[in-house]
S.K.: 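Got a structure for you, written out below as C-alpha cells; questions coming shortly.
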Amino acid sequence: QVQLVESGGGLVQAGGSLRLSCAASGRTFSAAIMGWFRQAPGKEREFVASINWNGGSTSYGDSVKGRFTISRDNAKSTMYLQMNSLKPEDTAVYYCAINSNRAWGTSASLYDYNYWGQGTQVTVSS
C-alpha cells in the first residue's frame with residue numbers, strides 16, 4: 001500500500017509561482033515512476049508531468065512545457081512540481097500519482113498509475 005499526500009496549493013496571481021509537494025509513504029518510493037495530473041471543474045483529468053525512478057527522465061504536457069518543472073528527492077520520498085509563470089487556465093485540483101510496479105520511463109496516461117493522492121487546489125487569479 002502507498003499513501004500520497006499533496007501540499008503547497010493555494011491562491012496566486014497570474015505570473016506568479018507555486019511549488020507543490022507530494023509526500024509518499026508505504027511501499028518503496030524510489031523504484032517507481034510518478035506523475036502530476038490536474039482536473040479543472042467540468043473537465044477531464046489532464047496530464048501535467050511525469051518522472052522516472054531517479055529523475056533522469058521527465059515528460060510534460062504541452063500546456064505546461066517551459067513553465068513547470070518536475071523533480072523528486074528519493075531520500076525524502078517526496079516529489080515536487082515547481083510552477084512558474086502561472087496562468088488562470090492553470091487553475092485546477094492537482095493530483096500526484098505513482099506506478100508502484102514500474103521504475104523505468106515516464107507515462108502520460110492516468111491509467112498507468114495505481115495510487116493517487118487526494119489533490120491540492122491551485123487557483124490563479126487574473
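Note that the structure is a prediction, hence the values are computed from the model and not measured. Numbering starts at 1 and runs along the sequence shown.
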S.K.: For L11, does its backbone N or O pair with a side-chain atom of T123 as donor and acceptor, under 3.5 Å?
M.R.: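 Between the backbone of L11 and the side chain of T123 there is no qualifying donor-acceptor contact (under 3.5 Å).
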
S.K.: Is the backbone N or O of S100 less than 3.5 Å from a side-chain atom of N114, with the two atoms forming a donor-acceptor pair by type?
M.R.: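 Between the backbone of S100 and the side chain of N114 there is a qualifying donor-acceptor contact (under 3.5 Å).
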
S.K.: If you measure from CG on L4 to CD1 on I98, what distance do you get to the nearest 0.5 Å?
M.R.: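 If I round to the nearest 0.5 Å, the distance is 6.0 Å.
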
S.K.: Could you give all pairs that pass the disulfide (SG to SG under 2.5 Å) test and reach residues 38-77, with sequence neighbours left out?
M.R.: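 Not a single pair qualifies under disulfide (SG to SG under 2.5 Å).
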
S.K.: Test: salt bridge (Lys or Arg N to Asp or Glu O under 4.0 Å). Region: residues 30-41. Which pairs qualify, not counting sequence neighbours?
M.R.: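 For residues 30-41, and leaving out neighbouring residues, the salt bridge (Lys or Arg N to Asp or Glu O under 4.0 Å) pairs sorted by first residue read R38-E46, R38-D90.
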
S.K.: Are V12 and L81 in one and the same hydrophobic cluster, where Ile, Leu, Val, Met, Phe, Trp and Tyr link if side-chain heavy atoms are under 4.5 Å apart?
M.R.: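 Shared cluster, yes.
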
S.K.: Between CG of N74 and CE of M34, what distance do you get to the nearest 0.5 Å?
M.R.: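 Answer rounded to 0.5 Å: 9.5 Å.
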
S.K.: Nearest heavy-atom pair of I33 and R72: which atoms, and what distance?
M.R.: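 Answer, listing the atom of I33 first, then R72: CA-NH1, 4.2 Å.
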
S.K.: Can you name the nearest heavy-atom pair linking R67 to L86, along with the distance?
M.R.: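 So the minimum-distance heavy-atom pair works out to NH1-CA, 3.9 Å.
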
S.K.: Looking at every non-hydrogen atom in both residues, tell me the closest pair between S85 and S17 and how far apart they are.
M.R.: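 Smallest heavy-atom distance, with atoms named: N-OG, 4.4 Å.
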
S.K.: Between F68 and Y60, which heavy-atom pair has the shortest distance, and what is it?
M.R.: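 It is O-CE2, 3.2 Å.
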
S.K.: Distance from L110 atom CG to W116 atom CH2, nearest 0.5 Å?
M.R.: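 Rounded to the nearest 0.5 Å, the CG-CH2 separation comes to 5.0 Å.
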
S.K.: Not counting sequence neighbours, list each pair that qualifies as a salt bridge (Lys or Arg N to Asp or Glu O under 4.0 Å) and has a residue in residues 111-126.
M.R.: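 Output for this query lists R102-D112.
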
S.K.: With side chain to side chain donor-acceptor pair (under 3.5 Å) as the rule and sequence neighbours excluded, what pairs involving residues 47-57 come up?
M.R.: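 Sorted pair list: S50-Y113, N52-N54.
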
S.K.: Where is the tightest heavy-atom contact between V124 and T91, given as atom of each residue plus distance?
M.R.: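 Here V124 and T91 meet closest at N-OG1, 2.9 Å.
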
S.K.: Identify, with sequence neighbours excluded, every residue that meets salt bridge (Lys or Arg N to Asp or Glu O under 4.0 Å) alongside E89.
M.R.: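 Listed in chain order: nothing, the list is empty.
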
S.K.: Treating T120 as the side-chain partner and Y94 as the backbone partner, does any N or O pair qualify as donor plus acceptor under 3.5 Å?
M.R.: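 No: the side chain of T120 does not pair with the backbone of Y94.
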
S.K.: Kindly indicate whether the side chain of L20, heavy atoms from C-beta on, has any atom under 4.5 Å from the side chain of V122.
M.R.: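 L20 vs V122: side chains touch.
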
S.K.: Sorted by first residue and then second, give each disulfide (SG to SG under 2.5 Å) pair with at least one member in residues 41-109; sequence neighbours left out.
M.R.: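 The answer is C22-C96.
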
S.K.: From T106 OG1 over to N99 CG, what is the distance, rounded to the nearest 0.5 angstrom?
M.R.: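 Output value for this atom pair is 11.5 Å.
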
S.K.: Does the plane of the ring in F47 sit parallel, tilted or perpendicular to the ring in F37? Use 30° and 60° as the thresholds.
M.R.: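 Perpendicular.
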
S.K.: Under 4.5 Å between side-chain heavy atoms, hopping through other hydrophobics if needed: is there a path connecting V93 to Y115?
M.R.: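 No.
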
S.K.: I need the minimum non-hydrogen distance between S21 and T78, along with the two atoms involved.
M.R.: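 The pair with the smallest heavy-atom distance is CB-CG2, 4.2 Å.
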
S.K.: Hey, is the main chain of Q118 close enough, under 3.5 Å, to the side chain of E6 for a donor-acceptor pair?
M.R.: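 Yes; at least one donor-acceptor contact below 3.5 Å.
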
S.K.: Is it true that S25 and Q3 share a donor-acceptor pair across their side chains at a distance under 3.5 Å?
M.R.: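 There is such a pair (donor and acceptor under 3.5 Å, judged by atom type) between the side chains of Q3 and S25.
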
S.K.: Under 4.5 Å between side-chain heavy atoms, counting indirect links through other Ile/Leu/Val/Met/Phe/Trp/Tyr residues: same cluster for Y95 and Y80 or not?
M.R.: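 The answer is no; the residues belong to distinct hydrophobic clusters.
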
